[in-house]
Amino acid sequence: MTVRPRRDDRPRPPRPADFAAMHVPGEPLLLPNAWDYASAAMLAASGFAAIGSTSLGVAAAAGLPDAAGLSWPQTRALAAALRRVPAMISIDAEGGFSDDPAQVAEMVAELAGLGVVGVNLEDGRPDGTLRPAGLHAEIVAACRAGAAGVFINARTDPFWLAATGARPAGQQACLAESLARAAAYQAAGADGIFVPAAATDQTIKTLAGAIGAPLNVLFLPGRHTLPRLAALGVARVSLGSLPFRAALHAATALAKAVSSGEPVSGDGLPGYASIQALLGRADMPQ
C-alpha cells in the first residue's frame, strides 16, 4: 500500500505574505533579476529564495526594446515557466502594458494566477515623460482591488529619467517629486516603493525615512554596497538588468578571447550535465 503524505506535510507554494515579510528596513532583501527560465533556476539553485525578472532582459532576449509595452506575451510566458522554479517570483511588468487601469489589473490578476507573488509597475515612459501621478495611482488601486495578495511595488522614475538624460532635472526636484508620487501610490495601495537611480547616501536616507512603505533601490556598481544600503534603511535591493548585461559582457569577452588566441579557462563554469539536471527539475507545480 502506498502511503501518501498528509496534506500539511506537502511543500507549500510560496505566498505573497511570505514575500512581503522579507522586506525589512535595515535588513534588505537582495532581489537578483532573471530573464529566462535557466537564469532563474540557476539563481534559485544558488540559494536565492526570491527572484525578480528584468524587463530589459526579457524584452531584449526577444529582440524588443524595453519599456515600450511590447513584451507582455514574453513576460507572461516567462511567468508561466517560472512556476517550476522553487523560489518566490516577482515580475517586472514595465508600466503594466497599458494606461487602462482595468487592463493592467487584469494583467496583474493573471500573473497572480500563475503563482507570481509580486509585480513592479513603473510610471516612467520611454519618451522621457512620467505618467500622470493620478493615473498611476488609479492603476495601483485597480491592481490592489483585483489581486489583493500580490505585493505591488510601485516604481517612480524622476531620478531614473534624469540619470538617463531623458528628463533633465536637479536632485532636489527629483527628490520632491519622488516623495509626492510615493505618497500617492502608497495611499492607493502600493506595498512598496521603488526609486531607481537614487544614488547618494543622503538621498536614499531621506527617501527611506520619509516613505511609509518598504523602500526598494537599484544597486549601482561602484556606488553601492549591500551593508551600506542596509544602514540607510533600505528594505529591498534589486539588481535590475545588471545580471543580464553582465552575462552579455561575459559571453562577448569569451568569444573575443578565443578569437584572439588567448587561453580560456572553464574553471567555475557550470557544466553541460549540471545545466541539464537543473532544467529537469520540477519542484513547483506546472
Side-chain angles (χ1 to χ4, degrees), residues 23 25 28-33 35 52-60 65-69 90-96 118-133 136 140 152-186 190 192-211 213-246 248-249:
H23 293 70
L29 165 66
L30 175 61
L31 193 72
N33 299 77
W35 58 94
S53 68
T54 162
S55 63
L56 173 65
V58 173
D66 184 29
S90 179
I91 292 293
D92 183 348
E94 299 187 4
V119 64
N120 271 14
L121 294 170
E122 65 196 43
D123 60 11
R125 288 172 160 162
D127 64 358
T129 64
L130 288 161
R131 174 183 276 159
H136 200 64
V140 169
I152 298 175
N153 205 37
R155 169 175 156 170
T156 187
D157 280 351
F159 283 102
W160 176 260
L161 294 177
T164 59
R167 186 175 183 263
Q171 291 292 298
Q172 287 304 311
C174 289
L175 178 60
E177 185 157 21
S178 295
L179 289 173
R181 285 174 172 266
Y185 303 159
Q186 187 185 359
I193 300 296
F194 185 17
V195 189
T200 70
D201 285 6
Q202 186 56 54
T203 293
I204 294 171
K205 184 177 181 179
T206 300
L207 289 167
I211 295 173
L215 174 65
N216 180 190
V217 300
L218 182 68
F219 182 83
L220 301 178
R223 190 69 182 260
H224 294 156
T225 66
L226 193 60
R228 184 58 186 160
L229 292 174
L232 295 173
V234 172
R236 171 166 153 184
V237 178
S238 296
L239 296 186
S241 66
L242 181 60
F244 174 71
R245 292 183 287 114
L248 293 181
H249 174 74

Engineer: Does Glu94 have any salt bridge (Lys or Arg N to Asp or Glu O under 4.0 Å) partners at least two apart in sequence or in another chain, and if so, which?
Structural biologist: none

Engineer: Restricting to ring pair (Phe, Tyr, Trp, His ring centres under 6.0 Å), what partner residues turn up for Phe244, sequence neighbours left out?
Structural biologist: Trp35

Engineer: Minimum heavy-atom separation for Ser90 and Val119, please, with both atom names.
Structural biologist: OG-N, 3.7 Å

Engineer: Rounded at 0.5 Å granularity, tell me how far OG1 in Thr206 sits from CG in Leu232.
Structural biologist: 9.5 Å

Engineer: Just jot down the side-chain hydrogen bond (donor to acceptor under 3.5 Å, both in side chains) partners of Ser55, sequence neighbours excluded, or say none.
Structural biologist: Asp66, Asp92

Engineer: Provide the closest heavy-atom pair for Phe219 versus Leu229 in the form atom of the first, atom of the second, distance.
Structural biologist: CD1-CD1, 4.5 Å

Engineer: Does anything in residues 229-245 form a side-chain hydrogen bond (donor to acceptor under 3.5 Å, both in side chains)? List the pairs, not counting sequence neighbours.
Structural biologist: His23-Arg236, Asn120-Arg236, Asn216-Arg236, Asn216-Ser238, Ser241-Arg245

Engineer: Are His136 and Leu121 close enough, and set up right, to give a side-chain contact (heavy atoms from CB on, under 4.5 Å), and what steps lead you there?
Structural biologist: CA-CA 9 Å; His136 200 64; Leu121 294 170; 4.2 Å; yes

Engineer: If I compare all heavy atoms of Cys174 with all of Pro158, which pair ends up nearest, and what's the gap?
Structural biologist: SG-O, 3.5 Å

Engineer: Testing the basics here: between Leu207 and Ser178, what is the closest heavy-atom pair and its distance to 0.1 Å?
Structural biologist: CD2-CB, 4.3 Å

Engineer: Strictly by salt bridge (Lys or Arg N to Asp or Glu O under 4.0 Å), give each pair with a member in residues 152-164 just once, sequence neighbours left out.
Structural biologist: Glu122-Arg155, Arg155-Asp157

Engineer: Taking only residues two or more places apart in sequence or in another chain, which ones pass side-chain contact (heavy atoms from CB on, under 4.5 Å) with Gln186?
Structural biologist: Ala213

Engineer: Tell me every residue that passes side-chain contact (heavy atoms from CB on, under 4.5 Å) with Ala166, counting only those two or more places apart in sequence or in another chain.
Structural biologist: Leu161, Thr164

Engineer: Sequence neighbours left out, what passes side-chain hydrogen bond (donor to acceptor under 3.5 Å, both in side chains) with Gln171? Give chain and number order.
Structural biologist: none

Engineer: State which residues pass side-chain contact (heavy atoms from CB on, under 4.5 Å) with Ala199; sequence neighbours excluded, sorted by chain then number.
Structural biologist: Leu220, Arg223

Engineer: Enter the distance from Phe159:CZ to Thr203:OG1 here, rounded to the nearest 0.5 Å.
Structural biologist: 4.5 Å

Engineer: Going from OG1 on Thr54 to CG on Leu56, what distance comes out if it is rounded to the nearest 0.5 angstrom?
Structural biologist: 5.0 Å

Engineer: Taking side-chain hydrogen bond (donor to acceptor under 3.5 Å, both in side chains) as the test, write out the residues that go with Thr129, two or more places apart.
Structural biologist: Asp127

Engineer: Which salt bridge (Lys or Arg N to Asp or Glu O under 4.0 Å) pairs, counting each pair once, include a residue from residues 160-177, with sequence neighbours left out?
Structural biologist: Arg167-Glu177, Glu177-Arg181

Engineer: Can you list the residues that meet the side-chain contact (heavy atoms from CB on, under 4.5 Å) rule with Pro65, with sequence neighbours excluded?
Structural biologist: Ala68, Leu70

Engineer: Are the side chains of Asn33 and Leu242 in touch, meaning some heavy atoms are under 4.5 Å apart?
Structural biologist: no

Engineer: Look up atom OH in Tyr185 and atom CD1 in Ile152, then write down how far apart they are to the nearest 0.5 Å.
Structural biologist: 13.0 Å

Engineer: If you take all heavy atoms of Val195 and Leu215, which pair is closest and at what distance?
Structural biologist: CG2-CD1, 3.9 Å

Engineer: Taking all atoms of both residues into account, what is the closest heavy-atom pair of Pro28 and Val237, and its distance?
Structural biologist: CB-CG2, 4.0 Å

